[in-house]
Amino acid sequence: MAILPILKYPDPGLREISEVVTVFDEELKILAADMGQTMVGAPGAGLAAPQVGCLKRLIVIAGAENDEDFDERVLTLVNPRIIWFGGEQVSDEGCLSVTDLHEKVIRAKEVEVAAQDISGAPLSLQADGRRAVILQHEIDHLDGVLFLDRLSQLKRDIYKRKLKKMLKEDSGD
Ligand code: NI
């Protein structure tokens, strides 16, 4: 397994639409395993393939399918789609691709997701609370959407200015 480099906003790769996975081969398994290790090492609660420069509809999230095992394992979802949303919640989000930003985002409180496992077998899961947030956040990545896009224009502008300053300082200007 390997730790993969994570693309950082404003990398244009984060804005691409990822492709549906149709081939469930060894390469896909290696990608998922590497993404799991990268997420755990970051550390993060979820990671989407486009964040490591691979435009495939694949995400990994922390935790197993049942909540007792949460944080014990990495759950891999291929071609995940949200098929049902319920309620509303506001919670703090950050992203491994968005440096130094944590903001409150409004999301559905509960979701039902249809996906495939790493071998292509169909699976579905229901989630609420934090886990529902993570699923919505990661699935957004597959369509080139960042949590930043779900903030107010004002908050986005403030962050863009801050980032510009940070990047300038990094380059030694
Ligand atoms: Ni993210």
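All values below were derived from every heavy atom in this structure, side-chain atoms included, with hydrogens, water molecules and symmetry-related copies excluded.
- The existence of a salt bridge linking R107 and E93 is confirmed by a sub-4.0 Å separation between a basic side-chain nitrogen and an acidic carboxylate oxygen.
- Through chains of ILVMFWY side-chain contacts below 4.5 Å, I158 is grouped with L154.
- At a threshold of 4.5 Å between non-hydrogen side-chain atoms, the residues R57 and V78 do not count as touching.
- The residues R156 and D149 are annotated as not salt-bridged, no charged nitrogen and carboxylate oxygen being separated by less than 4.0 angstrom.
- Every residue two or more places apart in sequence or in another chain was checked for a salt bridge (charged side-chain N to carboxylate O under 4.0 Å, His left out) with K8, and none qualifies.
- Taking the charged nitrogens against the carboxylate oxygens, K56 and E19 have no contact shorter than 4.0 Å, which rules out a salt bridge.
- Counting only distance, with no hydrogens or angles, the side chain of Q51 and the backbone of L7 share no donor-acceptor pair below 3.5 Å.
- Using a 4.5 Å cut-off between side-chain heavy atoms of Ile, Leu, Val, Met, Phe, Trp and Tyr, with links allowed through other members, V145 and L148 fall into different hydrophobic clusters.
- Between V111 and W84, every side-chain heavy-atom pair lies at or beyond the 4.5 Å cut-off.
- A 4.5 Å side-chain heavy-atom check between V52 and P5 finds every atom pair outside the cut-off.
- Within the 4.5 Å cutoff, the side chain of V60 has no heavy atoms near those of the L75 side chain.
- Remark: the backbone N or O of H102 is not paired with any side-chain donor or acceptor of D92 at under 3.5 angstrom.
- Counting non-hydrogen atoms of other residues, nucleotides and ligands closer than 6.0 Å to NZ of K29 gives a total above 12.
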